[in-house]
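For reference, the structure is listed below as structure tokens.
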Amino acid sequence: MIKDTMSKISITKTENSKLKDVDFNNLSFGSVFSDHMLVCEYKNGAWEAPKITPYQPITLDPSAKIFHYGQSIFEGMKAYKDANEDVFLFRPLDNFKRLNISAKRMAIPELPEAYFMDGLKTLLELDSDWIPTNEGSSLYIRPFIFASGEGFHASPADAYKFIICSAPSGAYFSGKVKVLIEEKYSRSANGGVGFAKAGGNYAGQFYPTQLAIAKGYNQVIWTDDNTHEYIEEAGAMNIFIRINDTLITGPTSDRILDGITRKSIIDIANDEGIAVEVRKITVSEVVEASKNGSLKEMFGAGTAAVISPISGYGHRGQDYDLPDLENTYASILKKRITDIQTNKTEDKFGWRVKI
Ligand code: PLP
Ligand code: COI
């Protein structure tokens, strides 16, 4: 732990806040950016003290390894403000730990905890006016690290940048989502980088997702790369499937991101008395459940989208609709998790962190 990080963070404030230009009643996701960003450089074998500067473009050499070899990882988290203007994060240490899990896999030097946590806190204190308070909105925070070091040699860079910037954001998806069960393309494989939040994982999803969108779906359901028989993730979200009254989600693995929303939903569902099974779930089990009427709900879970109900899915040229139920598990769990995040309810799990 680095002592006294707060005093080491240099701060240059903007002289030209963009806050007045933002319509907080009409926020899309991640398209306007708050006034400041945190930048921390890795050079000569060590992370240097963070600097907070006005939000601005960065200059890189064309040979920076991020451009050629994709050494890049990120996190996604949110800040919330309650009715008293108090600011909260949700399980931020889990994002920090996962960033370093991703870093290790991508041969990126691990970041000291204090630079992440104290840097984040300082940045949020400065940009706290950017945290929306409208229902369903929050400040989406994007910490990321990439290889800024130069050279065409295919080996890890010797310099990196860790940046945190943020965007006041509304819903990730508007409305329900129709998905296509993917049987040709894969987002991850055993021994690969699927468990890491590596930028390239997302680039690799774009093309299959474009194909699904062209067929009238919004997202792809990823299945395992080996047999395409096991359901793994929903786009960039973990997936939950309700058959009769049991909520099922797959176990995390090399191929599946260990989602913070996913593990919180499992704990909340247990606490609500909802039967939860963490086990492999096959496509045939889901199709069979559709046919016999026991498939009640499917939803994606992730920081950006929170809980995103799936209205139907396509499989081998056949479309299956999900029933339109009242009091869905998705709605109960979404309310409970967002009430915890926004300090509207007791947090018996100790997940909420006041800034
Ligand atoms: N799965 C993938 C591939 C993701 O990119 C994300 C988003 O972060 C998730 C799942 C959900 O993870 P979390 O709930 O930690 O945001
Ligand atoms: C998140 O849910 O925070 C993510 O990182 C998904 C992202 C691709 C928008």
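The chain is numbered in sequence order, starting from 1. When a ligand or atom number is given, it counts from 1 through the structure's own listing order. FYI, side chains are in, hydrogens and waters are out, and symmetry mates aren't considered; it's all heavy atoms of this structure.
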Examine the side chains of E229 and S284 and answer whether a donor and an acceptor come within less than 3.5 Å of each other. yes
With heavy atoms and a 4.0 Å threshold, my read on which part of I260 contacts ligand 1 is both
Considering the heavy atoms of R98, write down every atom of ligand 1 situated less than 4.0 Å from one of them. 12 (O), 13 (P), 15 (O)
For the pair D245 and K296, find out whether any cationic side-chain nitrogen is under 4.0 Å from an anionic carboxylate oxygen. no
Run the numbers for me: atoms of ligand 2, each under 4.0 Å from some heavy atom of Y172, listed by number. 9 (C)
Aromatic plane relationship, F116 with F162 - under 30° parallel, 30 to 60° tilted, over 60° perpendicular: parallel
Go through ligand 2 atom by atom and flag the ones less than 4.0 Å from a non-hydrogen atom of T303. 2 (O), 3 (O)
Could you tell me which atoms of ligand 1, counted from 1 in the order shown, lie closer than 4.0 angstrom to a heavy atom of G302? 11 (C), 14 (O), 16 (O)
So, are D319 and K178 salt-bridged, with charged N and O less than 4.0 Å apart? yes
Below a 4.0 angstrom heavy-atom separation, can you tell me which part of A301, side chain or backbone, both or neither, approaches ligand 1? backbone
How close does the nearest protein non-hydrogen atom get to atom 5 (O) of ligand 2, and which residue and atom is it? K197 NZ, 2.7 Å
Assess the residue pair E285 and R279 against the criterion (salt bridge (Lys or Arg N to Asp or Glu O under 4.0 Å)); give the C-alpha distance rounded to whole Å, side-chain angles, the decisive distance to 0.1 Å, and a yes or no. CA-CA 12 Å; E285 184 181 354; R279 64 163 171 88; 2.7 Å; yes
Hey, which atoms in ligand 1 end up nearer than 4.0 Å to a heavy atom of K197? 4 (C), 5 (O), 6 (C), 7 (C), 8 (O)
Would you say Q205 has any N or O atom under 3.5 Å from an N or O of ligand 1, going by distance alone? no
Just which atoms of ligand 2 are under 4.0 Å from any heavy atom in F74? 5 (O)
Can we say R142 and E75 salt-bridge, meaning some charged N sits less than 4.0 Å from an Asp/Glu carboxylate O? no
So among F146, Y202, F144, which one has a ring-ring contact (aromatic ring centres under 6.0 Å, His included) with F74? Y202
Taking only non-hydrogen atoms of E233 and a 4.0 Å limit, the atoms of ligand 1 in range are 1 (N), 2 (C), 3 (C), 10 (C)
A student checking ligand 2 against A304 at a 4.0 Å heavy-atom cut-off should list atoms 1 (C), 2 (O), 3 (O), 9 (C)
Nitrogen or oxygen atoms of Y202 and ligand 2 under 3.5 Å apart: no
Write out the residue and atom name of the closest protein heavy atom to atom 14 (O) of ligand 1, then the distance separating them to 0.1 Å. T261 OG1, 2.5 Å
Between I260 and N95, is any pair of side-chain heavy atoms under 4.5 Å apart? yes
Look at ligand 1 and say whether R187 reaches it with a heavy atom at a distance under 4.0 Å. yes
Short N-O contact, E272 and R336, less than 4.0 angstrom: yes
Just need the protein heavy atom nearest to atom 3 (O) of ligand 2, so name the residue and atom and give the distance. Y140 OH, 2.6 Å
Could you walk me through whether H36 and Y55 pass ring-ring contact (aromatic ring centres under 6.0 Å, His included), step by step? CA-CA 5 Å; H36 298 93; Y55 184 86; 9.9 Å; no
Any idea which protein heavy atom is nearest atom 16 (O) of ligand 1, and the distance to it? T303 OG1, 2.6 Å
Under 3.5 Å, is there a donor-acceptor pair between the N134 and S137 side chains? no
Taking NZ, NE, NH1 and NH2 as the nitrogens, is one of them in R187 or D225 under 4.0 Å from a carboxylate oxygen of the other? no
In terms of the angle between their ring planes, are Y42 and W47 parallel, tilted or perpendicular, with boundaries placed at 30° and 60°? perpendicular
Show the nearest heavy-atom pair for residues W222 and E182, with the distance to one decimal. CZ3-CG, 3.9 Å
So for ligand 1, is R262 a polar contact partner (N or O within less than 3.5 Å, distance only)? no
For atom 4 (C) of ligand 1, what is the nearest protein heavy atom, given as residue, atom name and distance? A236 O, 3.2 Å
Nearest heavy atom to atom 6 (C) of ligand 2: which of A236, S169, A305 does it belong to? A236
What part of M237, side chain, backbone, both or neither, has a heavy atom within less than 4.0 angstrom of ligand 1? backbone
Heavy-atom proximity to atom 7 (C) of ligand 2, best of R142, M77, Q205: R142
Nearest-contact summary for atom 5 (O) of ligand 1 - protein heavy atom, Å: Y202 OH, 2.4 Å
If you count the atoms of ligand 1 from 1 in the order shown, which ones are under 4.0 Å from a heavy atom of G259? 12 (O), 13 (P), 14 (O), 15 (O)
